Amino acid sequence: MSGTPRLSNQAAAAATAPIATPVVLIELDFATGPFRVWTGLGPLDWAGKVFEGAGSIGAISDVEETVELRAVRLTLALSPVPQEVVDIALAERSYRLRPVTLWGALLDAQGAFVADPFPLWAGLMDTMEVTDGAEPSVALACESRLVDLERAEVRRYTDADQQAEFPGDRFFEFVPALQEAEIRLPNQ
């Protein structure tokens, strides 16, 4: 970690005020559009974006900071949630490996930002667990971008693999024919 403080001088000074409420803003970049919530009640406007209040139904696992270079997991949960939120979560198909961003902020007694929110955590969505029933819930596991370093890069020298990565490239088109081919070199 660098030695620079996360909070601006103005925010650091406000943190010692009698009333300074810490909040977290969360943005999930789903393929169907962004989902924005914050840890308070009602809508909150920041940077031209509206974050809906999750209040007491939202939970965030501990945000872990490490000095080592490794992937860090984070879980975001909503419980209990209305049925329409469960339906939306079940309908989301292409959320995996899409961006998640968390910002920390301080609000004054009037609910205004003391200073601009600061980056708290950024990563990628991994798995979503949706529980439907008497007390429906949605839990989203997220991983820091360093998870890509731990993920194996599986590539094959096949036409199908090349087409998936570079459509129209015919470089590996004749590899299967070469596997059984007998190639004779001229005698010198």
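Nothing fancy with the numbering, it's 1 onward along the sequence. Because the structure is predicted, anything quoted here is derived from the model rather than measured.
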(request) Hey, could you give me each pair passing ring pair (Phe, Tyr, Trp, His ring centres under 6.0 Å) that has a residue in residues 19-45? Not counting sequence neighbours. (result) none

(message) To the nearest 0.5 Å, what is the distance between CZ on R36 and CD1 on I26?
(response) 13.0 Å

(request) Could you tell me the separation between the OG1 atom of T21 and the CG atom of D108, rounded to the nearest 0.5 Å? (result) 8.5 Å

Any donor and acceptor pair, going by atom type alone, linking the side chain of [X] with main-chain N or O of [Y] inside 3.5 Å?
{"X": "T101", "Y": "E27", "result": "no"}
{"X": "R93", "Y": "L90", "result": "yes"}
{"X": "Q163", "Y": "G168", "result": "yes"}
{"X": "Y95", "Y": "M128", "result": "yes"}
{"X": "R98", "Y": "D29", "result": "yes"}

(message) Applying side-chain hydrogen bond (donor to acceptor under 3.5 Å, both in side chains), can you list everything that pairs with Q83, at least two apart in sequence or on another chain?
(response) D87

[X] versus [Y], closest heavy-atom pair with distance:
{"X": "G58", "Y": "L78", "answer": "CA-CD2, 3.7 Å"}
{"X": "C142", "Y": "W121", "answer": "CB-CH2, 3.7 Å"}
{"X": "V130", "Y": "A89", "answer": "CG2-CB, 3.8 Å"}
{"X": "F118", "Y": "A105", "answer": "CE2-N, 4.0 Å"}
{"X": "V114", "Y": "L107", "answer": "CG2-C, 4.0 Å"}
{"X": "G55", "Y": "L41", "answer": "CA-CD2, 3.6 Å"}

Are [X] and [Y] close enough that some pair of their side-chain heavy atoms sits under 4.5 Å apart?
{"X": "D159", "Y": "E173", "answer": "yes"}
{"X": "V138", "Y": "E129", "answer": "no"}
{"X": "F113", "Y": "L44", "answer": "yes"}
{"X": "T32", "Y": "I88", "answer": "no"}
{"X": "L106", "Y": "P22", "answer": "yes"}
{"X": "V86", "Y": "V81", "answer": "yes"}

(request) Report the residue from L102, L120, T75 that forms a side-chain contact (heavy atoms from CB on, under 4.5 Å) with I60. (result) L102

(message) Is it the case that atom CZ in R170 sees more than 12 heavy atoms from other parts of the structure closer than 6.0 Å?
(response) no

(message) I'd like to know if F174 and Y157 are part of one continuous hydrophobic network [Ile/Leu/Val/Met/Phe/Trp/Tyr, side-chain heavy atoms within less than 4.5 Å].
(response) no

(message) Working note: L28 + L76, criterion side-chain contact (heavy atoms from CB on, under 4.5 Å); need CA distance, chi angles, decisive distance, verdict.
(response) CA-CA 10 Å; L28 306 171; L76 307 171; 3.7 Å; yes

(message) Apply side-chain contact (heavy atoms from CB on, under 4.5 Å) to residues L25 and K49 and explain how you reach the verdict.
(response) CA-CA 11 Å; L25 290 81; K49 301 174 182 178; over 6 Å; no

(request) Name the orientation class of the two ring planes belonging to W103 and W46 (parallel below 30°, tilted from 30 to 60°, perpendicular beyond 60°). (result) perpendicular

